[in-house]
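Take a look at the structure set out below.
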Amino acid sequence: MAGAEGLSGVDTDTRPAGETSASVAPIQHKRRWQNHAVTTFRPQPEPRAAYRAFHPISTRWSDNDVYGHVNNVVYYSWFDTAVNHWLIEHGGLDIHAGGVIGLVVETHCNYFAPVAFPNAVIVGIRVAQLGLSSVRFEVGIFPTDERLPCVAKGHFIHVYVDRVTRRPAPLSPQLFKALETLT
């Protein structure tokens with residue numbers, strides 16, 4: 001993660017592949033015990049044009065938490081819903097009987113502005129990395145006003161495995177071809 005301290009106590013930039021300087025803003029600061037400035041990167045909201053496919057989602061009353069906005073855990077559900085909807089519709093993924101399934105092995109989300117019921121959101125998706133048995137999906141949560149940037153963005157990594165053995169399995173040619181359209 002950006003800003004993670006290594007053993008030397010110096011912040012390192014470990015942005016994931018695909019994070020560009022346009023999507024993160026550098027921040028200069030000094031730590032009390034250090035005599036030199038270090039740079040960390042603060043993620044920035046992105047426009048819709050940065051994403052390849054979109055899925056609308058309605059918020060629910062139960063999505064709001066005691067603070068009056070959608071709870072952070074709900075965003076991960078939106079990620080999962082949008083990506084799996086796209087995979088079923090375009091990639092031929094059979095979540096009930098297919099021999100290969102995608103397991104989430106990593107997730108992350110940055111929040112820029114709150115969302116609350118009854119506002120709807122639009123979830124944008126893209127593929128940042130496509131491997132033989134894994135995919136890094138990047139996801140943006142947008143308000144319905146098309147002029148506004150994302151209110152949150154994140155990623156998750158699917159590793160595709162054999163349904164029975166849970167060992168990594170290659171993506172089918174059909175799924176691989178479909179996923180390429182999101183790159």
Side-chain angles (χ1 to χ4, degrees), residues 1-6 9 11-32 38-89 93 95-96 101-129 134-159 182:
M1 83 183 67
E5 288 187 2
D11 285 354
T12 57
D13 174 18
T14 56
R15 290 177 287 170
E19 285 281 340
T20 64
S21 59
S23 62
V24 291
I27 302 166
Q28 294 262 335
H29 63 276
K30 284 189 175 185
R31 301 212 188 256
R32 278 185 282 190
V38 292
T39 302
T40 57
F41 293 91
R42 178 175 292 156
Q44 298 295 304
E46 295 179 316
R48 286 175 196 255
Y51 296 86
R52 307 280 296 166
F54 299 90
H55 183 74
I57 294 183
S58 297
T59 60
R60 304 167 302 166
W61 174 254
S62 62
D63 293 339
N64 279 9
D65 61 19
V66 69
Y67 301 112
H69 62 261
V70 171
N71 188 272
N72 60 322
V73 72
V74 174
Y75 289 73
Y76 290 101
S77 175
W78 293 343
F79 290 4
D80 201 38
T81 297
V83 168
N84 281 303
H85 183 272
W86 188 92
L87 288 169
I88 292 165
E89 190 173 290
L93 184 65
I95 61 172
H96 299 294
I101 57 173
L103 300 179
V104 175
V105 298
E106 178 180 308
T107 62
H108 178 83
C109 187
N110 295 106
Y111 306 92
F112 306 114
V115 174
F117 174 83
N119 298 9
V121 296
I122 307 295
V123 182
I125 63 173
R126 66 183 177 219
V127 168
Q129 294 175 329
S134 64
V135 180
R136 179 187 164 105
F137 294 97
E138 293 183 340
V139 184
I141 306 295
F142 294 90
T144 55
D145 184 340
E146 293 185 11
R147 299 168 295 170
L148 298 176
C150 65
V151 296
K153 71 177 182 179
H155 74 266
F156 70 89
I157 297 174
H158 263 168
V159 172
L182 294 179

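By convention here, the first residue in the shown sequence is residue 1. This structure is a prediction, so every number in the text was calculated from the model and none was measured.
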Q: List the steps and the verdict of side-chain contact (heavy atoms from CB on, under 4.5 Å) for I101 and I95.
A: CA-CA 7 Å; I101 57 173; I95 61 172; over 6 Å; no
Q: Using ring-ring contact (aromatic ring centres under 6.0 Å, His included) as the criterion, list what pairs up with Y75, not counting sequence neighbours.
A: W78, Y111
(Q) If I compare all heavy atoms of A120 with all of T144, which pair ends up nearest, and what's the gap? (A) O-CG2, 3.6 Å
Q: Taking all heavy atoms of V159 and all of S134, pick out the closest pair and write down the distance.
A: CG2-CB, 4.1 Å
Q: Check ring-ring contact (aromatic ring centres under 6.0 Å, His included) between F79 and all other residues, then give those that pass, not counting sequence neighbours.
A: Y76
Q) Shortest non-hydrogen contact from C150 to P45? A) O-CB, 3.4 Å
**Q.** With F117 via ring-ring contact (aromatic ring centres under 6.0 Å, His included) - residues at least two apart
**A.** W61
(Q) If we count only N and O atoms by modelled type, under 3.5 Å, do the side chains of E46 and Y51 hold a donor and an acceptor together? (A) yes
Q) Hey, does the side chain of K153 reach the backbone of Q44 with a donor-acceptor pair shorter than 3.5 angstrom? A) yes
**Q.** Stepwise side-chain contact (heavy atoms from CB on, under 4.5 Å) test for N84 and H158
**A.** CA-CA 11 Å; N84 281 303; H158 263 168; 4.0 Å; yes
Q | Contacts of P143 that satisfy side-chain contact (heavy atoms from CB on, under 4.5 Å) - sequence neighbours left out | A | L148, V151
**Q.** Atom pair CG (L103) and CZ (F156), whose distance is rounded to the nearest 0.5 Å
**A.** 11.5 Å
Q) Considering only heavy atoms from C-beta outward, does the side chain of H108 approach that of N110 to under 4.5 Å? A) yes
Q: Please step through side-chain contact (heavy atoms from CB on, under 4.5 Å) for the pair T59 and V70, ending with a clear verdict.
A: CA-CA 8 Å; T59 60; V70 171; 4.2 Å; yes
Q: Kindly give the heavy-atom pair with the smallest separation between A152 and C109, and that separation in Å.
A: CB-SG, 4.1 Å
Q: Quick one: list whatever passes side-chain contact (heavy atoms from CB on, under 4.5 Å) with R48, sequence neighbours left out.
A: F54, I122, F142, E146
Q: With sequence neighbours excluded, give me every salt bridge (charged side-chain N to carboxylate O under 4.0 Å, His left out) pair touching residues 60-74.
A: R60-D63
Q: Not counting sequence neighbours, list each pair that qualifies as a salt bridge (charged side-chain N to carboxylate O under 4.0 Å, His left out) and has a residue in residues 70-87.
A: none
Q. Should L87 and F137 count as side-chain neighbours, where that means a heavy-atom distance under 4.5 Å?
A. yes
Q: Identify the heavy atoms of L182 and R52 that sit nearest to each other, and give their distance.
A: O-CG, 3.3 Å
Q. With sequence neighbours excluded, what pairs up with H69 under the ring-ring contact (aromatic ring centres under 6.0 Å, His included) test?
A. none
(Q) Going by side-chain contact (heavy atoms from CB on, under 4.5 Å), name the residues that satisfy it together with S77, two or more places apart in sequence or in a different chain. (A) T81
Q. Which residues pass the side chain to side chain donor-acceptor pair (under 3.5 Å) test with E106, sequence neighbours left out?
A. H155
